[in-house]
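Below is one structure; the comments refer to it alone.
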Amino acid sequence: MSGGPRVRSMNVADSEVRPVLGPAGNKTMRSLSARKPASKPLSKAEKATEDDEEVKAFPSSNGAASSPPSHSVSASSVLRRHEQLLHSNLSLNASCSSDASTDSFHSRASTGRITRSSSTARRRSYTSKPRVIVSGDVSEPPPDGLKTKRRCAWVTPNTDPSYIAFHDEEWGVPVHNDKKLFELLVLSGALAELTWPTILSKRHIFREVFADFDPIAVAKLNEKKLTAPGSVASSLISELKLRAIIENARQVSKVIDEFGSFEEYIWSFVNHKPIVSRFRYPRQVPVKTPKADVISKDLVRRGFRSVGPTVIYSFMQVAGMTNDHLISCFRFQDCVTAAEVKEEEITTGGAEEKKSNVIESELSRAIDELSFSSE
């Protein structure tokens, strides 16, 4: 029973090979089926050599048998063509399946060539740079030359240098001098219209206008001349604030006459000891406190002006009556130490004054006894 050549299906595995009858019988087909499939498509030169070898494999003994039948030659060529198509299809499938691997294949539609590029070069181009990891507040200490002091959180590297110096040298340090206390009271009142950096930049002008903040001298200033348009004082703050400064200087003079000093009066509200707040975060620092409200009311009762609780609490902070430096700030402990030293001086001075008073009383008693005996 004769029929057309049967070839392998494209969807059948390599091991399933269907027999094809040729001029030499099944023996020839077994040799073809035993042949291993090539891993690569055959080149033109290899195709030509194989064709020559197959032609030589059929020797001719006579003229009739010298050339195989035409249908058998066409069957073998069809078989080879189908094998080549099968192998090329398998190689293309392998290239598609290897896209998920580390080596990728890029096909060029114009030339039909398949090029293989390794991912090692890509890995080299995307090598990550070493990173410095800083977690939380823990970081590597800077070199000795770059060490910076840790300040309160509201003092940043972009803060005005004058305010940084003010924070490091004055803010929170206990003040017991009357002229200095009056100056800080005036500057705290100016905060309603200006900021600390602006006030500090004009501080020398304030001192010139207000006679170095001597309350007795300021109380004697001509109010009309001071608040006249175009004057130096009018360029600093408003007329309302200027009038309040003159009035407050008069009231400070009265307090000095009553208590001996403005320091004695103002520090008596905190029992002559600074309030240590021990705040950890800036949000904990208040704008005003009940203590500031008490002081404000007493000052208003005495005739002071522009001395609300917010102004008074700013005054308490800058005058060291309350230590509102954050505990992480290097100035926190400095202000605590300064307050302790001042307290020791006051205690020692009080003891010495008491001792001198005892000695004076004993001397006066001895003099009285001598004078009585002489009589």
In terms of hydrophobic clusters joined by side-chain contacts under 4.5 Å, are [X] and [Y] together?
| X | Y | result |
| --- | --- | --- |
| Phe166 | Val173 | no |
| Leu191 | Leu181 | yes |
| Leu240 | Leu221 | no |
| Phe330 | Leu326 | no |
| Trp154 | Trp196 | yes |

Any heavy-atom pair between the side chains of [Y] and [X] that's under 4.5 Å?
| X | Y | value |
| --- | --- | --- |
| Arg207 | Phe213 | yes |
| Arg151 | Ile164 | yes |
| Phe182 | Phe210 | no |
| Met321 | Ile275 | no |
| Glu258 | Tyr265 | no |
| Phe206 | Leu187 | yes |
| Ile295 | Met316 | yes |
| Pro215 | Lys179 | yes |

Measure from the side-chain N and O atoms of [X] to the backbone N and O of [Y], and report whether any donor-acceptor pair falls under 3.5 Å.
| X | Y | value |
| --- | --- | --- |
| Asp212 | Asp214 | no |
| Thr227 | Glu223 | yes |
| Asn323 | Phe332 | yes |
| Thr198 | Leu194 | no |
| Ser314 | Thr310 | yes |

Partner set under side chain to side chain donor-acceptor pair (under 3.5 Å) for Arg203, not counting sequence neighbours =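 For Arg203, the residues satisfying side chain to side chain donor-acceptor pair (under 3.5 Å) (neighbours in sequence not counted) are Glu170, Glu183.
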Among all residues two or more places apart in sequence or in another chain, which pass the side chain to side chain donor-acceptor pair (under 3.5 Å) test with Ser201?
-> none
Could you pull out the closest heavy-atom pair between [X] and [Y], with the gap in Å?
| X | Y | value |
| --- | --- | --- |
| Lys202 | Ser235 | NZ-O, 4.2 Å |
| Cys152 | Cys329 | N-SG, 3.5 Å |
| Ser162 | Pro197 | OG-O, 4.3 Å |
| Lys241 | Gly189 | NZ-O, 3.5 Å |
| Lys180 | Val175 | CG-CG1, 3.3 Å |
| Pro174 | Pro274 | CG-CG, 4.1 Å |

CA sep, side-chain torsions, deciding dist, call: Ile205, Val232, side chain to side chain contact (heavy atoms under 4.5 Å, CB included) = CA-CA 8 Å; Ile205 303 177; Val232 178; 3.7 Å; yes
Roughly how far, to the nearest 0.5 Å, is [atom2] of [Y] from [atom1] of [X]?
| X | Y | atom1 | atom2 | answer |
| --- | --- | --- | --- | --- |
| Leu226 | Glu239 | CG | CD | 9.5 Å |
| Lys225 | Ser231 | NZ | OG | 10.0 Å |
| Lys291 | Thr322 | NZ | OG1 | 11.0 Å |
| Ile266 | His272 | CD1 | NE2 | 11.0 Å |
| Ser261 | Ile256 | OG | CD1 | 7.5 Å |
| Phe279 | Ser328 | CZ | OG | 13.0 Å |

Applying side-chain hydrogen bond (donor to acceptor under 3.5 Å, both in side chains) between His176 and each of Glu264, Lys342, Glu263, report the one that passes.
->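 Going through the options one by one, the only one that passes is Glu263.
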In this structure, which one of Leu184, Val285, Ile312 forms a side chain to side chain contact (heavy atoms under 4.5 Å, CB included) with Gln317?
->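 The option that passes is Val285.
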How far apart are the C-alpha atoms of Asp324 and Tyr313, what are their side-chain angles, what is the distance that settles it, and do they pass the side-chain hydrogen bond (donor to acceptor under 3.5 Å, both in side chains) test?
-> CA-CA 11 Å; Asp324 278 359; Tyr313 193 70; 2.6 Å; yes
Go through Arg331 and Lys149 one step at a time and tell me if the side chain to side chain contact (heavy atoms under 4.5 Å, CB included) criterion holds.
-> CA-CA 9 Å; Arg331 289 294 295 167; Lys149 297 176 182 179; over 6 Å; no
Test the Arg283-Tyr281 pair against the cation-pi criterion, namely NZ or CZ under 6.0 angstrom from the six-membered ring centroid and within 45° of the ring axis.
-> yes
Look at the aromatic rings of Trp171 and His167 and report parallel, tilted or perpendicular, splitting at 30° and 60°.
->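 It falls in the parallel class, under 30°.
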Using the salt bridge (Lys or Arg N to Asp or Glu O under 4.0 Å) rule, take Arg301 and Asp298 through it: C-alpha gap first, then chi angles, then the decisive distance, then the call.
-> CA-CA 5 Å; Arg301 182 181 62 83; Asp298 192 75; 2.7 Å; yes
Report the residues that fulfil side-chain contact (heavy atoms from CB on, under 4.5 Å) with Val311, sequence neighbours left out, ordered by chain and then residue number.
-> Ser188
